[in-house]
Structure formats: structure tokens, C-alpha cells
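First comes the structure, then the notes that go with it.
In the text below, chain A, chain B and the rest are named by the order of the sequence lines, each starting its count at 1.
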Protein chains: 2
Amino acid sequence: MRSNFRTSGQSELTVTEAARRAQILRHTIDVVAERGYAGASLNRIAEHTGISKGLISYHFKGKAALLEALVTDVFQRGGEFVLEGWAAELSPESSPRTMLRAYLEGNLAFIASHARDVGAIVEVIRNHRDAEGRLVFGNVWTEDLYGDLIQIFEAGQAAGEFRRFDPRVMAIAVRRVVDGFTFQVMGSPDVDAAAFTAEVVALFDHATTPMERS
Amino acid sequence: MRSNFRTSGQSELTVTEAARRAQILRHTIDVVAERGYAGASLNRIAEHTGISKGLISYHFKGKAALLEALVTDVFQRGGEFVLEGWAAELSPESSPRTMLRAYLEGNLAFIASHARDVGAIVEVIRNHRDAEGRLVFGNVWTEDLYGDLIQIFEAGQAAGEFRRFDPRVMAIAVRRVVDGFTFQVMGSPDVDAAAFTAEVVALFDHATTPMERS
DNA sequence: TACAGTTTTGACCATGCGGTCAAATTTTCG
DNA sequence: CGAAAATTTGACCGCATGGTCAAAACTGTA
């Protein structure tokens with residue numbers, strides 16, 4: 001009997017253990033994406049994975065731990081994906097406008113290629129609550145993710161490249177539109193990601209640029 | 001024993017019956033807003049309302065019917081609210097830009113003054129599924145609501161007032177930002193609704209206007 | 001082979017769920 | 001008043017949930 005559950009370190013994991021955990025996580029993503037948060041019972045996840053329910057409890061301390069591992073996993077992969085894109089596109093001193101564009105393109109590209117993962121994570125973040133009914137991931141989503149955008153906007157305004165607007169409101173708008181893309185992709189997998197991305201980039205390009213009416 | 005459940009007509013409702021239904025709906029909104037969709041059990045709603053669980057079943061055919069009544073109710077009140085605003089602000093032939101502005105102001109004003117209601121409705125629409133796991137309100141939300149915006153955008157483009165963009169993508173963006181305001185209000189009730197509205201109006205004003213870079 | 005450690009199962013538990021119903025209560029009205 | 005109708009309760013049912021655990025099966029290795 002091994003009674004220790006890792007939360008972050010990938011150190012002392014058996015090959016079997018790591019493989020099982022990954023397998024369970026993959027199937028959990030599938031079930032959440034297909035049946036929603038409420039429909040993702042341990043029974044259904046186990047059945048979908050082809051294992052017994054008890055085995056999930058063996059590898060994860062409880063349902064909460066499983067969902068938290070799910071969120072951490074996708075979040076991390078998403079972050080890496082976007083960062084790789086940035087490394088390829090951005091020179092050390094790119095303009096804020098270029099950075100905004102890269103931000104949008106990176107995020108939307110990840111969503112387009114990982115719709116199920118992002119859909120699942122969003123579902124969990126939105127619904128997972130503790131015993132007292134408080135959203136567990138409520139603030140994480142919000143505050144951590146707005147920071148990057150706000151920085152870009154403030155830099156752009158300082159450089160005179162962006163018009164004057166409330167960076168916080170603009171950041172909220174960007175995240176809402178980006179996250180919304182998830183449902184477009186999940187709803188109809190044939191959406192034209194490139195076209196949507198181009199439209200969104202143009203939208204925020206115009207939204208941030210000083211206007212000179214004719 | 002009266003065994004008929006009304007779905008639309010308000011005709012043959014006892015005073016008591018109408019009052020109870022309204023009371024139950026109000027408390028359901030509260031519970032959903034506070035504890036989320038999953039936390040809104042009939043037991044909790046009954047307790048919150050101060051009645052027995054059986055009474056809910058007496059006035060509503062089942063939980064599904066209750067939630068659908070909830071959605072219909074808020075949806076209708078919201079629609080009336082926005083339409084009243086339009087009647088006051090819009091002349092018969094207002095410009096598309098004015099209409100877009102009125103659309104945003106009307107929607108955001110309703111959300112600001114009815115955050116709990118809108119929060120509850122969004123929660124239900126997002127999570128309520130039938131036995132097979134399909135979202136019950138999935139398309140309702142989407143298609144019905146985009147129509148108005150798309151019309152405005154197409155009119156504006158035809159009149160040369162708006163730049164060329166995909167009306168559908170812009171409509172999605174508008175709805176996402178508008179709906180997102182709900183969570184801002186619910187998260188911190190002290191948000192400055194007027195300021196947020198002004199920012200959003202400016203955002204989409206710029207986003208829809210042809211750009212003439214300096 | 002035998003043994004220790006690990007992984008896996010399947011039966012079981014308490015809990016809360018949505019829903020039903022006979023009985024009790026309140027209202028309506030002749 | 002008193003009977004009929006409408007309203008309300010509280011106990012109860014079957015079911016699915018998350019979780020536990022002893023036993024079984026599967027490793028590897030001495």
C-alpha cells in the first residue's frame with residue numbers, strides 16, 4: 001500500500017502510476033466535455049476509461065483532487081503552448097500591438113487545437129464548488145489571466161500606440177471573446193479558426209486604436 | 001386536486017397559485033445565484049423559500065419545468081426592459097450605430113439592476129441538460145440572440161457606417177462581453193456600471209468604425 | 001518458487017437527490 | 001355551518017452519487 005498522493009512533484013511516480021493518472025485525466029476531460037460537469041460522475045469516468053471506480057480513488061485522493069489535477073494539467077499545457085508561440089514570434093522588444101496580436105493568435109490557436117481540453121477546464125472552473133458553495137477556481141481564472149493583458153495595454157497607452165481606455169475592461173473583453181471561441185469550436189468543429197482569429201485580431205486592433213473619424 | 005400545469009397562458013391561475021409560483025421562482029433564482037446550478041436542489045430551494053419540498057412539485061411538474069419557467073421568466077422581463085429602453089431612445093429610423101449603442105446600454109443596464117436574475121439564468125442555460133446529456137437551452141441562447149445584432153451590423157455595413165467585418169463574429173463578441181458583465185456585477189456589487197458601459201460602448205464603437213491610421 | 005510490494009476489483013456504505021402520495025390543513029362558497 | 005375544492009405537509013421510494021475496504025490479481029526479485 002502506498003498512501004502518498006503527489007500534488008505537484010512528478011518525482012516518485014511509478015511508470016504504471018504516471019500512465020494511469022494520465023489515462024484517467026484524459027478520459028475525465030472527455031467525459032466532462034461531453035456530459036458537462038454534473039454528468040462527470042466517478043462511475044461514468046471509470047466506465048469511460050474501462051477501469052473500476054475504486055481505481056480512480058486509488059490514484060486520486062478524491063473527486064476534488066481529480067478535478068484540480070485536471071485544471072492544473074490543461075492550464076499548464078496551455079501556458080506552455082502559448083509561450084512557445086510567443087518565443088517564435090516576438091522579439092525582445094515587440095510593440096504592444098504586436099504582443100496583443102500574438103496573445104490573441106496564441107490563445108485562439110491553442111483553443112482551436114485543444115477544444116475539448118479547454119472546454120473541460122472551463123466547465124470545471126465554472127462549476128466546481130467547495131462544501132460551502134463557493135467556487136474553488138473563481139478568482140484564479142480572473143486575476144491571474146488579466147495581468148498579462150493589462151500590462152500590454154498600459155505599455156501601449158504609455159507609448160501612445162493605444163487610445164485611452166480602461167485596461168481592465170479591455171482585458172475582460174478580450175478574455176471573454178477568447179474563452180467564447182471554445183464554445184464555437186465545441187459547438188461546430190468545422191468552424192474556420194483562421195478566419196475567426198483574423199476577425200478577432202481586427203476587432204481588437206480597431207478597438208484599441210485612436211479614431212480619426214472622416 | 002387540480003392536475004393541470006400551465007406552461008404559457010396566465011389565464012386560469014388562482015391568486016394563491018400565481019403568488020406561490022412567483023415566490024418559488026424568486027427563491028429559486030436566489031439559490032441558483034448563490035449555490036450554482038448543482039447546488040440548487042429542490043430541498044434547498046424549499047428550505048430557502050420556507051415551504052415543503054412537495055409544494056414545489058405541486059406547482060411545477062418537475063425540476064426541469066421549474067428551471068424552464070425560471071429561464072422564460074427572466075428572459076421575458078429582460079426583453080421587456082430592453083424594449084422599453086429602445087422605445088424611449090430610438091426614433092423609428094435611428095442609425096445602426098445608435099442602435100448598437102442602445103443595445104449595449106439597454107442590456108448592460110438590465111444586467112446591472114438584475115444581476116442575480118441574469119446570473120441565475122446564465123447558470124441554468126449553461127448547465128441544464130436532458131437525460132442524454134444534451135444542453136437543453138444550448139441553441140436558444142445562441143441563435144435567437146445573435147439575430148438582432150447581426151441585423152444591426154448588416155444595416156450599418158450597407159449604409160457604409162460600419163467597416164467590413166464578419167457580423168456573426170462581432171455579434172458573438174458583443175454577447176460575450178455583455179454576458180461577462182454579469183459576473184463582474186455578481187463578483188463585486190460595487191462596480192461602476194455607468195463607467196463599464198461607457199467603456200464597452202466606446203470599445204465597440206471603435207471596433208466597428210473604419211480606421212484611418214495617422 | 002515464494003514472497004513482498006503494487007495495482008485492481010467489486011461489493012458495500014451513508015447521503016442526498018427528484019419524485020410520489022395519503023393525509024392534514026386551509027380556503028371557498030352554497 | 002358544512003361540504004367540496006384547493007393547498008400544504010411530511011413520510012416514503014428508488015436511484016445515483018462519492019467514498020471505503022478487504023480480498024484478489026498482478027508485478028518484480030531473491
Side-chain angles (χ1 to χ4, degrees), chain A residues 1-6 11-25 27-28 31-32 35-70 124 127-133 136, chain B residues 1-6 11-25 27-28 31-32 35-70 124 127-133 136:
Chain A
M1 166 83 77
R2 295 178 63 258
S3 61
N4 54 332
F5 293 94
R6 321 249 141 258
S11 45
E12 310 171 28
L13 290 179
T14 314
V15 186
T16 325
E17 196 169 2
R20 267 273 183 263
R21 284 178 64 106
Q23 183 197 20
I24 293 173
L25 280 180
H27 285 275
T28 304
V31 174
V32 172
R35 312 285 307 228
Y37 176 83
S41 67
L42 290 185
N43 263 312
R44 219 178 324 244
I45 293 171
E47 185 188 8
H48 196 279
T49 312
I51 60 178
S52 71
K53 183 180 57 169
L55 192 50
I56 297 181
S57 296
Y58 177 75
H59 288 285
F60 295 92
K61 187 177 170 183
K63 195 183 185 182
L66 171 61
L67 294 176
E68 279 152 29
L70 196 250
V124 173
N127 290 293
H128 186 43
R129 295 173 185 253
D130 62 20
E132 286 80 27
V136 174
Chain B
M1 166 81 80
R2 294 178 64 258
S3 62
N4 54 331
F5 293 92
R6 320 250 143 258
S11 45
E12 311 171 27
L13 290 178
T14 311
V15 187
T16 324
E17 195 169 3
R20 266 274 183 264
R21 283 178 66 105
Q23 183 198 20
I24 293 172
L25 280 180
H27 284 276
T28 304
V31 174
V32 171
R35 311 285 307 228
Y37 176 84
S41 68
L42 291 185
N43 263 312
R44 208 159 356 224
I45 293 170
E47 187 188 8
H48 196 277
T49 312
I51 60 178
S52 71
K53 184 180 55 168
L55 192 50
I56 297 181
S57 297
Y58 176 74
H59 288 285
F60 295 92
K61 188 176 169 182
K63 194 184 185 182
L66 171 62
L67 294 175
E68 279 151 30
L70 197 248
V124 172
N127 289 293
H128 185 44
R129 295 174 185 252
D130 62 20
E132 287 78 29
V136 174

Among C:dT6, D:dT8, C:dC17, which is the nearest nucleotide to the side chain of B:Asn43?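 For B:Asn43, the side-chain atoms sit closest to C:dC17.
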Could you work out which one of C:dT8, D:dT7, D:dT8 sits closest to the side chain of B:Ser52?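 From the listed options, D:dT8 comes nearest.
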Contacts of type side chain to side chain donor-acceptor pair (under 3.5 Å), residue B:Arg20, not counting sequence neighbours: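 Partners of B:Arg20 under the side chain to side chain donor-acceptor pair (under 3.5 Å) test: B:Gln23.
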Atom [atom1] of [X] to atom [atom2] of [N]: distance rounded to whole Å?
X        : N      : atom1 : atom2 : value
B:Arg129 : C:dG18 : CZ    : C1'   : 19 Å
A:Arg35  : D:dA16 : CZ    : C1'   : 13 Å
B:Ile56  : C:dG18 : CD1   : C1'   : 11 Å
B:Arg20  : C:dT26 : CZ    : C1'   : 12 Å
B:Tyr58  : D:dT8  : OH    : C1'   : 9 Å
B:Glu47  : C:dG18 : CD    : P     : 13 Å
A:Phe60  : D:dG18 : CZ    : C1'   : 16 Å
B:Gln23  : D:dT7  : CD    : C1'   : 13 Å

Any idea which heavy atoms bring [X] and [Y] closest together, and the distance?
X        : Y        : answer
A:Arg21  : A:His59  : NH1-O, 3.2 Å
B:Tyr37  : B:Val124 : CD1-CA, 4.2 Å
A:Ala40  : A:Val32  : CB-CG2, 3.6 Å
B:Asp130 : B:Val136 : N-CG2, 3.7 Å

For the helix from C:dT1-D:dA30 to C:dG30-D:dC1, what is the angle between the axes at its two ends, each from 5 pairs, rounded to 10°?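 End-to-end axis angle for the helix from C:dT1-D:dA30 to C:dG30-D:dC1: 10°, rounded to 10°.
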Non-neighbouring partners of B:Ala64 that pass side chain to side chain contact (heavy atoms under 4.5 Å, CB included), sequence neighbours left out: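 For B:Ala64, the residues satisfying side chain to side chain contact (heavy atoms under 4.5 Å, CB included) (neighbours in sequence not counted) are B:Glu68, B:His128.
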Set of side chain to side chain contact (heavy atoms under 4.5 Å, CB included) partners for A:Ala65, sequence neighbours left out: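 Checked A:Ala65 against side chain to side chain contact (heavy atoms under 4.5 Å, CB included); matches are A:Lys61.
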Worked check of side chain to side chain contact (heavy atoms under 4.5 Å, CB included) between B:Phe60 and B:Leu25: CA-CA 10 Å; B:Phe60 295 92; B:Leu25 280 180; 4.1 Å; yes
What does A:Ser41 touch in the nucleic acid at a heavy-atom separation under 4.0 angstrom: a base, only the sugar-phosphate, or nothing?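 If one applies the 4.0 Å heavy-atom cut-off, A:Ser41 turns out to touch the sugar-phosphate alone, with no base involved.
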Anything under 3.5 Å between a donor and an acceptor, one on a side chain of residues 45-54 of chain B, the other on a protein residue two or more places apart or in another chain? List them.
| unit_1 | atom_1 | unit_2 | atom_2 | d |
| --- | --- | --- | --- | --- |
| B:His48 | ND1 | B:His27 | ND1 | 2.9 |
| B:Thr49 | OG1 | B:Ile45 | O | 2.6 |

B/S/- contact track for nucleotides 19-27 of chain D, protein heavy atom under 4.0 Å: BB-------
